[in-house]
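Only one structure is covered here, and it is reproduced in the block below.
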Amino acid sequence: MTSESLAESPVDSDALPPAASAGDAPPLFDERALLAHYVLRDFEQAVANVEQELRDAEPAPDAPSAAPATEEDLNAMAEERRALARQIVTGAWLNRNNPQWDPLEPDTHRPDPNDPLLAILQSVEEPADS
């Protein structure tokens, strides 16, 4: 059998998927969703890096306290640190094209309202505490 005859003869095999009907078309590739996935992954990695730096910068306790911090206290401190890290990264990312931005001066915060990053971050904004 030659390669030409193989190409002309269809192969019936269980390994091949059944013919799809018009209604079974694969979902369209959404480039925006993929971009959002990568942006959010990079954002979360930046937050984790800043959070680690904040943790490393915390002063070590001078002396062991009589009452060590409870798990609830440790969790609250971690949440505060994570929230601060998110604010730092968000501010830096949103002002990345703002040469006048100074994180110590809130009046200089002017993100571009048409920035796609702003739209992505607003779409995944965490709900307020209930």
Side-chain angles (χ1 to χ4, degrees):
M1 201 180 259
T2 66
S3 60
E4 290 174 358
S5 64
L6 285 174
E8 293 172 0
S9 331
V11 177
D12 291 327
S13 167
D14 291 336
L16 296 176
S21 66
D24 293 340
L28 296 176
F29 178 72
D30 188 351
E31 292 176 359
R32 293 173 298 169
L34 183 62
L35 174 63
H37 168 78
Y38 286 121
V39 167
L40 291 174
R41 181 199 63 192
D42 292 349
F43 178 82
E44 289 300 324
Q45 182 60 52
V47 169
N49 292 343
V50 170
E51 185 179 8
Q52 182 62 46
E53 288 184 33
L54 291 171
R55 187 180 305 113
D56 292 345
E58 289 176 352
D62 292 335
S65 63
T70 65
E71 185 176 342
E72 186 176 298
D73 292 338
L74 294 174
N75 288 340
M77 289 172 32
E79 284 298 318
E80 288 176 16
R81 193 172 41 244
R82 184 132 184 102
L84 178 58
R86 282 183 175 277
Q87 291 172 354
I88 291 169
V89 172
T90 300
W93 278 31
L94 292 178
N95 285 284
R96 68 190 183 284
N97 296 323
N98 178 1
Q100 285 79 37
W101 180 60
D102 180 352
L104 299 176
E105 295 183 29
D107 293 344
T108 62
H109 172 72
R110 289 187 193 87
D112 179 2
N114 298 320
D115 188 348
L117 177 61
L118 181 60
I120 290 171
L121 291 175
Q122 287 174 336
S123 73
V124 295
E125 187 175 276
E126 294 182 24
D129 291 334
S130 303

If I take atom CZ from residue R41 and atom CD from residue Q45, how far apart are they, to the nearest 0.5 angstrom?
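One finds 8.5 Å between CZ of R41 and CD of Q45.
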Calculate, to the nearest 0.5 Å, the distance between atoms CZ and CG belonging to R96 and D112 respectively.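 If I round to the nearest 0.5 Å, the distance is 8.5 Å.
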Starting from [Y], can I reach [X] by hopping between I/L/V/M/F/W/Y residues whose side chains sit under 4.5 Å apart?
{"X": "V39", "Y": "L94", "result": "yes"}
{"X": "L74", "Y": "L54", "result": "no"}
{"X": "M77", "Y": "L84", "result": "no"}

Test your reading of the model: is there a side-chain donor-acceptor pair from N98 to the backbone of T108, 3.5 Å cut-off?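 Looks like yes, one N/O pair under 3.5 Å.
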List the steps, then state whether side-chain hydrogen bond (donor to acceptor under 3.5 Å, both in side chains) holds for Q52 with D56.
CA-CA 6 Å; Q52 182 62 46; D56 292 345; 2.7 Å; yes
Closest non-hydrogen atom pair, R82 against V47: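 Taking every non-hydrogen atom into account, NH1-CG1, 3.5 Å.
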Item to complete: Quick one: closest heavy-atom pair of R110 and N95, and the distance?
Response: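 For R110 versus N95, the nearest heavy atoms are N-OD1, 3.1 Å.
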Can you name the residues that form a ring-ring contact (aromatic ring centres under 6.0 Å, His included) with W93, not counting sequence neighbours?
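With neighbours one apart ignored, the set is F43.
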Is any NZ, NE, NH1 or NH2 atom of the basic residue among E51 and R86 found under 4.0 Å from an Asp or Glu carboxylate oxygen of the other?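 No, no charged N to carboxylate O under 4.0 Å.
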| Residue E72 excluded, over 12 heavy atoms near CD under 6.0 Å |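 Counting other residues, nucleotides and ligands, CD of E72 stays at 12 neighbours or fewer.
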